[in-house]
Amino acid sequence: MAPVPPVSRRLHPGAWWLWALGLATAATRTTNPLLLLLVGAVTGTVVAVRRTEDPWARAYGMFLRIGLVVVVIRVVFGAVFAAQVPGTTLVTLPSVTLPSWLAGIRVGGPVTAEGLAVAGYDALRLATVLVCVGAANALAAPSRLLKSVPGALYEVGVAVVVAMTFAPQAVAHVRWVRNAQRLRGRSARGIRGLGRLAMPVLEGALDRSVQLAAAMDARGYGRTAAVPRARRRATAALVLGGLLAVCAGLYGLLDGQAPAVLGTPMLVLGSVCAAAGLWLGGRRSPRTRYRPDPWALPEWATGASGVLAAAAMTVAGLAGADGLRPPPGTAPGLPPLPAAGVLLALAPVLLRGGRT
């Protein structure tokens with residue numbers, strides 16, 4: 001009998017989230033539409049090549065539509081409420097100045113090409129971040145990601161289950177409800193079709209998420225052993241302080257005008273404190289894992305490609321590279337270093353996740 005070929009295993013979900021968060025961080029560091037579109041193209045390519053047939057794999061299309069809606073709404077608001085940007089006037093809207101208790105904002109007035117460009121750049125940046133999150137939701141299985149939750153966070157594991165599985169289950173229920181309505185001869189289009197679709201989708205997705213949480217609770221997920229009060233307090237202080245320091249460090253990295261101490265030093269300190277707290281908390285929740293997800297070379301390469309994209313964009317910003325924030329009304333260029341860093345995030349296309 002011919003030997004059975006080895007089956008390609010799936011990458012660790014944490015690697016996908018690290019890759020996606022790295023690209024999202026890179027997107028927040030620029031308003032260049034060419035770089036933002038490049039980030040979106042990279043995420044779309046990786047999702048098209050590496051996604052599976054699981055229900056949550058369709059989440060990318062939903063996030064892409066949400067991003068397009070965000071762009072349209074932001075541009076409309078920019079034309080109506082931010083019409084004071086000087087430049088080439090395209091159209092003049094009827095203007096109304098709001099009362100002083102509403103900050104005296106002027107609605108309407110001349111709509112300039114530069115004002116629309118500013119609004120479009122900001123909207124495209126936010127849409128790109130949403131697309132990166134959608135790529136992580138489409139590639140990472142929520143249930144497998146929860147298997148890697150540290151022991152110190154088991155108490156919130158059930159809530160995390162509900163939160164992380166709601167969006168993928170909602171995407172799957174949209175397809176099921178639409179097929180059921182078509183079989184009954186009902187239209188799934190238009191405002192009325194959307195009304196008939198919303199409630200069954202929300203109810204079904206929440207019900208499936210709660211069922212999964214109940215099953216995990218019935219199997220003892222989150223049960224802890226008795227530990228001294230001093231250790232519990234030390235664990236809570238380390239985890240809480242570390243997470244606060246990590247948030248401050250991320251803010252310092254994302255905000256180019258923040259003090260240097262709020263950047264990398266605070267992020268490293270917070271990571272060390274949080275890791276120590278999670279290690280102490282994990283000792284009071286011993287357990288074994290059935291088929292644990294390995295973190296091998298493909299996971300390191302995938303996560304590193306996203307981190308390198310964020311690092312390249314950050315280094316280019318600190319070096320004052322031209323093209324990261326092009327002025328409105330000028331043709332944006334494509335800076336070589338940030339573009340090369342974003343293209344490195346295509347590494348998961350060449351990987352197959354190892355063999356089992």
Side-chain angles (χ1 to χ4, degrees), residues 20-47 59-98 103 105-137 253-257 306 309-310 312-314 316-317 320-343 345:
L21 292 177
L23 285 175
T25 302
T28 61
R29 306 293 294 184
T30 181
T31 57
N32 190 321
L34 297 181
L35 288 175
L36 294 174
L37 291 176
L38 183 61
V39 172
V42 167
T43 58
T45 302
V46 174
V47 169
Y60 184 79
M62 181 184 69
F63 279 88
L64 187 61
R65 296 185 186 94
I66 294 175
L68 294 177
V69 172
V70 167
V71 172
V72 173
I73 293 177
R74 179 65 179 87
V75 171
V76 171
F77 271 73
V80 175
F81 294 100
Q84 294 81 11
V85 179
T88 305
T89 301
L90 299 178
V91 64
T92 301
L93 301 177
S95 61
V96 176
T97 302
L98 299 180
I105 299 175
R106 189 180 68 181
V107 179
V111 179
T112 62
E114 288 76 7
L116 292 181
V118 171
Y121 291 171
D122 290 339
L124 186 58
R125 177 169 57 179
L126 178 56
T128 305
V129 173
L130 290 175
V131 167
C132 294
V133 176
N137 278 277
L253 290 177
L254 296 177
D255 188 1
Q257 300 179 353
M313 199 75 70
T314 302
D322 296 331
L324 289 182
R325 299 182 182 274
T330 61
L334 190 62
L337 178 60
V342 172
L343 290 176

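In this chain, numbering begins with 1 at the start of the sequence shown. Nothing here was measured: the structure is a model prediction, and the numbers come from that model.
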Chemist: For residues Leu34 and Pro332, report the shortest heavy-atom separation together with the two atoms involved.
Modeler: CD1-O, 3.4 Å

Chemist: Judged by atom type as modelled, is there a donor-acceptor pair below 3.5 Å linking the side chain of Asn32 to the main-chain atoms of Pro326?
Modeler: no

Chemist: Do Pro338 and Thr30 have side-chain heavy atoms sitting under 4.5 Å apart?
Modeler: no

Chemist: Give the minimum heavy-atom separation between Ala123 and Val70, together with the two atoms involved.
Modeler: CB-O, 4.2 Å

Chemist: If every non-hydrogen atom of Phe63 is compared with every non-hydrogen atom of Val131, which pair is closest and at what distance?
Modeler: O-CG2, 4.5 Å

Chemist: How long is the straight-line distance from CZ of Arg74 back to CZ of Arg125, given to the nearest 0.5 Å?
Modeler: 10.0 Å

Chemist: Minimum heavy-atom separation for Ala26 to Met313, with atom names?
Modeler: O-CG, 3.4 Å

Chemist: Asn137 versus Met62: any side-chain heavy-atom pair under 4.5 Å?
Modeler: no

Chemist: Please give me the minimum heavy-atom distance between Leu324 and Ala316, naming the atom from each residue.
Modeler: CD1-C, 3.7 Å

Chemist: How close do Ala20 and Ala136 get, counting heavy atoms only, and between which atoms?
Modeler: CB-CB, 3.6 Å

Chemist: Are the side chains of Leu37 and Leu124 in touch, meaning some heavy atoms are under 4.5 Å apart?
Modeler: yes

Chemist: Does the side chain of Asp322 reach to within under 4.5 Å of the side chain of Pro335, using non-hydrogen atoms?
Modeler: no

Chemist: What I'd like to find out is whether the side chain of Thr43 reaches to under 4.5 Å of the side chain of Tyr60, using heavy atoms alone.
Modeler: yes

Chemist: Does the side chain of Val118 come within less than 4.5 Å of Thr31's, by heavy atoms?
Modeler: no

Chemist: With a 4.5 Å cut-off on side-chain heavy atoms, are Leu35 and Val39 touching?
Modeler: no

Chemist: How long is the span from the OG1 atom in Thr28 to the CG atom in Leu23, to the nearest 0.5 Å?
Modeler: 11.0 Å

